[in-house]
Number of protein chains: 2
Amino acid sequence: MSDDVAWLDDAEMETWLALIGVVMRLPNALDEQLRRDARLSHFEYGVLAVLERAEDRTKRMSDLAYLCNGSLSRLSHVARRLEDAGLIERFACPTDGRATLAKLTPHGMDVLAKAAPGHVALVRELIFDALDKEEAAQFGALARRILNRLEES
Amino acid sequence: MSDDVAWLDDAEMETWLALIGVVMRLPNALDEQLRRDARLSHFEYGVLAVLERAEDRTKRMSDLAYLCNGSLSRLSHVARRLEDAGLIERFACPTDGRATLAKLTPHGMDVLAKAAPGHVALVRELIFDALDKEEAAQFGALARRILNRLEES
DNA sequence: GCCAGAAACTTGAATGTTCAACTAATAATA
DNA sequence: TATTATTAGTTGAACATTCAAGTTTCTGGC
C-alpha cells in the first residue's frame, strides 16, 4: 500500500481539483438535459449513439460495454430497459453461443435523432465554447493520455 | 430545444470522446482503490478531505456539498453514514438555526490519514505520471474553464 | 411585529449501479 | 474426447443517488 508518496504541490492540486470537479459535475449536467428532452440518461444515450455508428447498428454486449465506458453488468440492466422500451433488440450471436448482440431499432434511431441536437448543443456550450480550436485539441490529446492509463487498469 | 446546431467535427469528437471516457472511468478507478484500502467511496473521501482543510475542521452542509461537487441531498445521506461510523459529527449552526455544521472527528482524521497515501499514489499514477509539469498545468487551466461553465448552470 | 416567500436540511420512496452468484458455451489441456 | 478453466452474459440483493415532499428557520416587505 504505497507509502512515502510525494504529496501534490499547489499547481498539481489545482489541476486535480479542476479535473475532479469536471468529472463529478459533467455527468449530472448531461443527464439533466437528456432526461428533460428525451427521457434518457447519458449512459443510455451513449449506448444508442455507439450502436448507431456500428456496422449493421449491432454490437456484442461486452464490446458495447467497453465502448460505453461501463461495466457489463451495468450495460445488461440498461439494455433490458432499452429493450423493454423498444429502442434496441437483443439476440444470440450466431458464431459464439455465449455472446449476445444488441441492435438499434428504427424507433431507437428516432429517439436518438430527437435527442441529439440538444445534447450536441450542450456539449458545445460547455466544452467548445469555452475553448478555442487549438486549446480543445490540446485538451483532448492530454485527456486521451489519461484515458489510456485508465483503460490499462 | 436548440435545433440547427453545428455537429462535432472529427477533432472535436476525438476530444469529446477522450473527455467523456475520463469522466466515466475515473470515478470507478478511484472508488476501487479507496474501497479496497479504506472502505471509503471517493465521494466520502472528498468530504473528509474538504473538512480536514477547513477552518476548525468544520463546514456548513451546503458549502460542503458545493465543495464536494455533489447535491445537498446526496451529502445528507452520506453524512448520516459517516456520522454513524464516527468519522464526522453534525450539530446545529449557532448563528443560523437552519444550517447544520459538519465536523471531522479525530477518528475521521485517522481514517483519512490512512487512506490518503494510496489515494495520492493513484492520482499521481493516473494523471501526473502521464503528463509533464507544463502539460499538467495547461490541462488544469483548460479543465478549470470547463468547470466554471459547469458551475454557472 | 406579521406574513409570504425563500433557504437549509432531512427523509422516504423510486430509481440506478455494483457486487456476487449463477448459467451456459467455448477454449485449452491432457 | 473428457475434463477443466475461461469467457459472456444475466440476475437478484445490497447499496447509493436522485427526486419530491416535508420541516424548520430566516428574510424582506408591509
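Note: hydrogens, waters and symmetry copies are ignored here, and every other heavy atom, side chains too, is used.
- As judged by a 4.0 angstrom heavy-atom cut-off over every strand, B:Ser62 is placed among residues touching the sugar-phosphate backbone only.
- Between B:Tyr45 atom OH and D:dA16 atom P there is a gap of 19 Å when expressed in whole angstrom units.
- Dashed line: the shortest gap from a side-chain N or O of A:Arg60 to OP1 or OP2 of D:dA8 is under 4.0 Å.
- A cation-pi geometry, defined here as NZ or CZ lying under 6.0 Å from the six-membered ring centre and within 45° of its normal, holds between A:Arg25 and B:Tyr66.
- Checked against C:dT17, D:dT11, C:dC9, the side chain of A:Arg81 finds its nearest nucleotide in C:dT17.
- Residue-level contact check: B:Asn28 touches the backbone only, with heavy atoms under 4.0 Å from sugar-phosphate atoms and none from bases.
- A:Asp31 has its CG atom 8 Å from the P atom of C:dT17, to the nearest Å.
- When rounded to the nearest whole Å, the span between CG of A:Leu75 and C1' of C:dT17 equals 13 Å.
- Atom CG in A:Asp96 sits roughly 20 Å away from atom P in C:dT23 (whole-Å rounding).
- Contact annotation: side chain of A:His77 to base of C:dT18, donor-acceptor pair present below 3.5 Å.
- Residue-to-nucleotide contacts include a donor-acceptor pair under 3.5 Å from the side chain of A:Ser73 to the base of C:dC19.
- Note on B:Thr100: only backbone sugar-phosphate atoms sit closer than 4.0 angstrom, heavy atoms only; bases stay farther off.
- Side chain of B:Arg90 to main chain of B:Glu83: no donor-acceptor pair is present (N/O by atom type, distance under 3.5 Å, no hydrogens or angles).
- A parallel orientation is assigned to the rings of A:Phe139 and B:Phe139, their planes being inclined by less than 30° (bins at 30° and 60°).
- Atom-to-atom, CG of A:Asp84 to C1' of C:dG16 comes out at 15 Å; the value is rounded to the nearest Å.
- Note: CD (B:Glu32) to C1' (C:dT17) measures 15 Å, nearest angstrom.
- Contacts of A:Ser71 with the nucleic acid, taken as non-hydrogen atoms under 4.0 Å apart, involve only primed sugar atoms and P, OP1 or OP2.
- Using a distance-only test at 3.5 Å, with no hydrogens or angles considered, no donor-acceptor pair links the side chain of B:Arg144 to the main chain of A:Leu19.
- Position along DNA chain D of the nearest nucleotide to A:Met61 versus A:Arg98 favours A:Arg98 as the more 5'-ward residue.
- In this model, the phosphate group of C:dT10 is approached by a side-chain N or O of B:Arg90 to a distance below 4.0 Å at OP1 or OP2.
- When atom types are taken as modelled, the side chain of A:Asp37 and the backbone of A:Ala115 share no donor-acceptor pair closer than 3.5 angstrom.
- The separation between B:Arg35 atom CZ and C:dA20 atom P is 11 Å, rounded to whole Å.
- The distance between atom CG of A:Leu72 and atom C1' of D:dT7, rounded to the nearest whole Å, is 10 Å.
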